[in-house]
> 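Sharing a structure with you now.
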Amino acid sequence: MTSSSRPVDIDAQRLWDSLMQMANIGPSPNGGNRRLAMTEEDAAGRRLLLDWIEAIGCSWSRDKAGNLFIRRSGREDDLPAVSMGSHLDTQPLGGRFDGILGVLGGLEVLRSLHERDIVTRRPLQLIVWTNEEGSRFAPAMGGSGVWSGRLDAATFFNAKDSQGITLADAIEACGEAGDQALGEPDLDAYFELHIEQGPVLEEQGHAVGIVTGVQGIRWYDIRLTGQSAHAGPTPMSYRHDPLLAATRLIQRMREEVMADSEGAARLTVGDFKVIEPSRNVVPGEVELTIDLRHVSDSELDALDAALERIAHESAEAEGVTLSFERRWHSPVTPFDPVLIDALRDAVEARQLDAPCMMSGAGHDAVHLSHVTPTVMIFVPCRDGISHNEAEYAEPEHCALGTQLLCDAVIARAEREDS
């Protein structure tokens with residue numbers, strides 16, 4: 001094997017074919033994918049990936065959380081690996097690119113080096129993180145969180161799905177539990193390629209973006225409990241209606257978010273349930289989830305305080321009781337400036353134009369950034385749509401993002417400093 005002294009061009013068609021083959025596992029009714037974490041479909045996607053990597057001579061291991069580590073040896077194989085990664089699990093009705101592009105883009109880097117018989121100074125590693133989406137087991141980004149030590153093991157393994165199945169049992173049932181200890185191996189750096197999941201790149205006419213960090217995210221579980229009553233005989237002034245309290249809360253929080261002068265605040269009510277609903281009954285209990293985001297931690301703190309205050313005021317106004325739980329917090333995360341510069345160099349060498357931007361979504365890279373130098377690459381997705389069966393990324397954009405990943409990873413792996 002030889003070292004790399006000139007640019008390595010990836011195979012765009014092979015990358016696209018791999019994306020489409022992976023999409024055949026767990027297809028959803030309208031052209032998307034359903035591979036929930038640690039289901040048979042998730043395990044099948046991982047097996048397909050392992051078939052591909054074993055064909056190019058890579059080794060692999062799994063840790064206790066089911067995180068999958070694929071390794072390609074380096075000339076100085078005792079050095080920490082330069083790593084790439086993302087996830088293969090999807091939303092219940094998700095797309096074919098969210099997470100999957102980062103994994104299969106990394107696979108294409110390894111394939112391109114293999115077919116040219118090139119070995120880098122440092123070893124390379126491709127990582128598939130468990131339960132990134134958090135749609136079956138909360139919280140999201142679980143595998144990278146427990147691996148990095150930013151999520152405690154009990155919270156990760158004891159998380160339950162809607163059927164009461166724990167994540168630990170699901171990992172075991174899929175045969176995805178490994179012997180490797182959490183936190184191993186050491187990494188030299190981490191690169192993550194991903195679709196943007198928003199409209200900015202497409203609207204500005206850019207084919208790729210350099211991600212300098214991720215905005216802060218906070219999740220809340222809210223329950224409002226009132227008193228069930230007959231819809232006819234119960235006067236409005238006598239009611240203790242948790243649904244009215246919930247709608248008051250949502251509207252007032254929307255006003256808070258819309259007042260943000262930078263337009264950077266985000267409010268999402270992703271789940272809303274009337275417990276034991278009936279057409280002619282005043283609801284007795286309502287549950288909802290809230291997702292708050294901002295690029296500034298101080299502004300996110302202010303939104304957090306506003307939400308708690310408004311929730312209490314809304315409950316009091318309708319005479320109902322409030323349960324307010326802060327479920328998860330991911331602070332604003334800056335990425336590594338050296339790796340950002342490495343991507344700028346790769347962009348310049350290819351004579352491209354790539355803006356620097358913040359990510360509006362959480363990614364495994366958030367957790368990785370706390371334990372190793374980390375950076376992300378974005379490519380556009382059509383109409384900014386993601387977490388949706390209509391999610392789509394152009395083949396040429398997928399290829400371009402993968403090419404920049406390849407260039408930057410090789411440069412990092414070949415550098416001469418220890």
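These numbers were taken from a predicted model, which means no experiment stands behind them.
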> What pair of heavy atoms forms the shortest contact from M84 to L110, and how long is it?
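Closest approach of M84 to L110, heavy atoms only: CE-CD2, 4.0 Å.
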> Counting N and O atoms only, with roles assigned by atom type, does the side chain of T333 sit under 3.5 Å from a partner on the main chain of P331, one being a donor and the other an acceptor?
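Judged by distance alone, yes, a pair lies under 3.5 Å.
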> Tell me, do P185 and Q125 make a side-chain contact under 4.5 Å, heavy atoms counted?
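Side chain of P185 against side chain of Q125, heavy atoms only: contact under 4.5 Å found.
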> Taking only Lys NZ, Arg NE, NH1 and NH2, and the carboxylate oxygens of Asp or Glu, determine whether R14 and E115 approach each other closer than 4.0 Å.
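Yes.
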> Sequence neighbours excluded, which residues qualify as salt bridge (charged side-chain N to carboxylate O under 4.0 Å, His left out) partners of R111?
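For R111, no residue satisfies salt bridge (charged side-chain N to carboxylate O under 4.0 Å, His left out) once neighbours in sequence are set aside.
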> Can we say D291 and R293 salt-bridge, meaning some charged N sits less than 4.0 Å from an Asp/Glu carboxylate O?
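Yes, D291 and R293 are salt-bridged.
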> Applying side-chain hydrogen bond (donor to acceptor under 3.5 Å, both in side chains) to H294 and D260, what does each step give before you reach the verdict?
CA-CA 10 Å; H294 205 285; D260 179 58; 3.2 Å; yes
> Please list all pairs meeting ring-ring contact (aromatic ring centres under 6.0 Å, His included) that have one or both residues in residues 344-367, counting only residues at least two apart or in different chains.
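Sorted pair list: H194-H363, H363-F378.
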> Write down the atom of A265, the atom of L303, and the distance for their closest heavy-atom approach.
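Result for this residue pair: CB-CD1, 4.0 Å.
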> Is it true that R412 and D188 have a side-chain N and a carboxylate O under 4.0 angstrom from each other?
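Looking at D188 together with R412, the answer is yes, because their closest N to O distance falls below 4.0 Å.
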> Evaluate T247 against Q251 for side-chain hydrogen bond (donor to acceptor under 3.5 Å, both in side chains), listing each step before the verdict.
CA-CA 6 Å; T247 55; Q251 181 58 36; over 6 Å; no
> For W60, enumerate each residue passing the ring-ring contact (aromatic ring centres under 6.0 Å, His included) test, keeping only those at least two apart in sequence or located in another chain.
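Counting only residues at least two positions away or on another chain, W60 forms no ring-ring contact (aromatic ring centres under 6.0 Å, His included).
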> Y190 vs W147, test: ring-ring contact (aromatic ring centres under 6.0 Å, His included). Steps then yes/no.
CA-CA 14 Å; Y190 178 75; W147 179 88; 8.6 Å; no
> Any side-chain donor-acceptor pair under 3.5 Å between E285 and T225?
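There is such a pair between these side chains.
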> Counting N and O atoms only, with roles assigned by atom type, does the side chain of N388 sit under 3.5 Å from a partner on the main chain of L93, one being a donor and the other an acceptor?
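Checking the backbone N and O of L93 against the side chain of N388, no donor-acceptor pair under 3.5 Å is found.
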> Does any donor atom in the side chain of D17 or Q13 lie under 3.5 Å from an acceptor atom in the other side chain?
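Judged by distance alone, the side chains do pair up.
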> Are any of the side-chain nitrogens in R252 or E313 under 4.0 Å away from the carboxylate oxygens of its partner?
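Yes, R252 and E313 are salt-bridged.
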> So do Q91 and L36 actually touch side chain to side chain, heavy atoms under 4.5 Å?
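No. Closest side-chain heavy atoms not under 4.5 Å.
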> Nearest 0.5 Å, please: how far is CD1 in I127 from CD in E192?
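Interatomic distance, E192 CD to I127 CD1, rounded to 0.5 Å: 9.5 Å.
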> Return yes if some donor-acceptor pair links the side-chain N/O of Q197 with the main-chain N/O of I385 below 3.5 Å, else return no.
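Pair absent, no side-chain N/O of Q197 close to backbone of I385.
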> Hey, would you say the F156 and W129 ring centroids sit under 6.0 Å apart?
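Judged by ring-centre distance (under 6.0 Å), F156 and W129 do not meet the cut-off.
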> Go through the structure and list residues passing side chain to side chain contact (heavy atoms under 4.5 Å, CB included) with R382, not counting sequence neighbours.
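R382: side chain to side chain contact (heavy atoms under 4.5 Å, CB included) contacts with E202, Y392, E394.
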> State which residues pass side-chain hydrogen bond (donor to acceptor under 3.5 Å, both in side chains) with K160; sequence neighbours excluded, sorted by chain then number.
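Checked K160 against side-chain hydrogen bond (donor to acceptor under 3.5 Å, both in side chains); zero matches.
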> State which residues pass side-chain hydrogen bond (donor to acceptor under 3.5 Å, both in side chains) with E203; sequence neighbours excluded, sorted by chain then number.
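Result, side-chain hydrogen bond (donor to acceptor under 3.5 Å, both in side chains) vs E203: none returned.
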> Let me confirm one number: the CG-CG distance from L224 to D241, rounded to the nearest 0.5 Å.
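If I round to the nearest 0.5 Å, the distance is 10.0 Å.
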> Whether E76 and R121 form a salt bridge (side-chain N of Lys/Arg under 4.0 Å from carboxylate O of Asp/Glu) is what I want to check.
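Counted as a salt bridge, because a side-chain N and a carboxylate O are separated by less than 4.0 Å.
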> Inspect the contact between R218 and D301 and indicate whether a charged nitrogen and a carboxylate oxygen are less than 4.0 angstrom apart.
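The answer is yes: the pair qualifies as a salt bridge.
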> Is the closest basic N to carboxylate O distance between R75 and D77 below 4.0 Å?
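Looking at D77 together with R75, the answer is no, because their closest N to O distance does not fall below 4.0 Å.
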> Counting distance only, does the side-chain N/O of R35 pair as donor-acceptor with the main-chain N or O of G94 below 3.5 Å?
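Such a contact is absent between R35 side chain and G94 backbone.
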> Please indicate whether Q21 has more than 12 foreign heavy atoms, meaning atoms of other residues, nucleotides or ligands, lying under 6.0 Å from its CD.
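Result for CD/Q21: enclosed.
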> Could you tell me whether the side chains of S28 and E389 share a donor-acceptor contact shorter than 3.5 Å?
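Yes, E389 and S28 have a side-chain donor paired with an acceptor closer than 3.5 Å.
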> Indicate yes or no for a side-chain donor-acceptor contact from S18 to the backbone of W16 under 3.5 Å, with no hydrogens or angles considered.
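Not confirmed, S18 side chain does not pair with W16 backbone.
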> Taking the side chain as every heavy atom from C-beta outward, state whether V146 and D152 have any atom pair closer than 4.5 Å.
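Side chain of V146 against side chain of D152, heavy atoms only: no contact under 4.5 Å found.
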> Do R46 and E176 sit within salt-bridge range, that is, some charged N less than 4.0 Å from a carboxylate O?
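So R46 pairs with E176 through a salt bridge.
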> Just jot down the salt bridge (charged side-chain N to carboxylate O under 4.0 Å, His left out) partners of E308, sequence neighbours excluded, or say none.
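In terms of salt bridge (charged side-chain N to carboxylate O under 4.0 Å, His left out), with neighbours along the sequence ignored, E308 is linked to R326.
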> According to ring-ring contact (aromatic ring centres under 6.0 Å, His included), who are the partners of W52, at least two apart in sequence or on a separate chain?
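Per chain and number, W52 pairs via ring-ring contact (aromatic ring centres under 6.0 Å, His included) with no residue.
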> Would you check if there is a donor-acceptor pair between the side chains of H329 and D304 at a distance under 3.5 Å?
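Note: D304 and H329 side chains miss the donor-acceptor criterion.
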> Is the shortest side-chain N to carboxylate O distance from E184 to K64 below 4.0 Å?
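Here E184 does not pair with K64 in a salt bridge, since their nearest N and O are not under 4.0 Å apart.
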> Kindly compute the distance separating CZ (F97) from CD (E391), expressed to the nearest 0.5 Å.
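Nearest 0.5 Å value for the CZ-CD distance: 7.0 Å.
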> Is a side-chain donor-acceptor pair under 3.5 Å present for D364 with H87?
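Per modelled atom types, H87 and D364 side chains form no pair under 3.5 Å.
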> Do other residues, nucleotides or ligands put more than 12 heavy atoms under 6.0 Å from the CG atom of D179?
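No - once you tally the heavy atoms of other residues, nucleotides and ligands closer than 6.0 Å, there are 12 at most.
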> Going by atom types only, do T166 and D169 share a side-chain donor-acceptor pair under 3.5 Å?
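Indeed, the side chains of T166 and D169 share at least one donor-acceptor pair under 3.5 Å.
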> For the CZ atom of R266 and the CD1 atom of I217, what is their distance to the nearest 0.5 Å?
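Between R266 CZ and I217 CD1, I get 11.5 Å after rounding to 0.5 Å.
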> Given side chain to side chain contact (heavy atoms under 4.5 Å, CB included), test C398 with L19 step by step and report yes or no.
CA-CA 10 Å; C398 295; L19 287 164; 4.2 Å; yes
> Heavy atoms only: give me the nearest D63-A181 pair and the separation to one decimal.
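Closest pair (atom of D63, atom of A181, distance): CB-O, 4.1 Å.
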> Flag the pair D161 and R136 as a salt bridge only when some basic side-chain nitrogen lies within less than 4.0 angstrom of an acidic carboxylate oxygen.
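Looking at R136 together with D161, the answer is yes, because their closest N to O distance falls below 4.0 Å.
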> Less than 3.5 Å apart, any donor N or O on the side chain of E318 or S314 sitting next to an acceptor on the other?
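Checked: E318/S314 side chains show no N/O donor-acceptor pair below 3.5 Å.
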> Heavy atoms, side chains only, cut-off 4.5 Å: are L288 and K273 in contact?
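Result no, sub-4.5 Å side-chain heavy-atom pair not found.
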> Can you name the residues that form a side-chain hydrogen bond (donor to acceptor under 3.5 Å, both in side chains) with H397, not counting sequence neighbours?
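H397 satisfies side-chain hydrogen bond (donor to acceptor under 3.5 Å, both in side chains) with no residue once adjacent residues are dropped.
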> Sequence neighbours excluded and cut-off under 3.5 Å, please list the side-chain donor-acceptor pairs for residues 207-215, or say none.
residue : atom : partner : partner atom : Å
T212    : OG1  : M357    : O            : 3.3
Q215    : NE2  : G360    : O            : 2.6

> Show the atom names and distances, to 0.1 Å, of all donor-acceptor pairs under 3.5 Å that link a side chain in residues 404-411 to residues at least two apart or in another chain.
residue : atom : partner : partner atom : Å
D407    : OD1  : R350    : NH2          : 3.1
D407    : OD1  : Q403    : NE2          : 3.0
D407    : OD2  : R350    : NE           : 2.7
D407    : OD2  : R350    : NH2          : 3.3

> With sequence neighbours left out, write down each residue that passes side-chain hydrogen bond (donor to acceptor under 3.5 Å, both in side chains) with R96, or none if nothing qualifies.
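Applying side-chain hydrogen bond (donor to acceptor under 3.5 Å, both in side chains) to R96 gives none.
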> What's the shortest heavy-atom distance between L300 and G216, and which atoms?
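Result for this residue pair: CD2-C, 3.5 Å.
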> If you take all heavy atoms of A159 and A138, which pair is closest and at what distance?
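Where A159 meets A138 most closely, the heavy atoms are CB-O, 3.4 Å.
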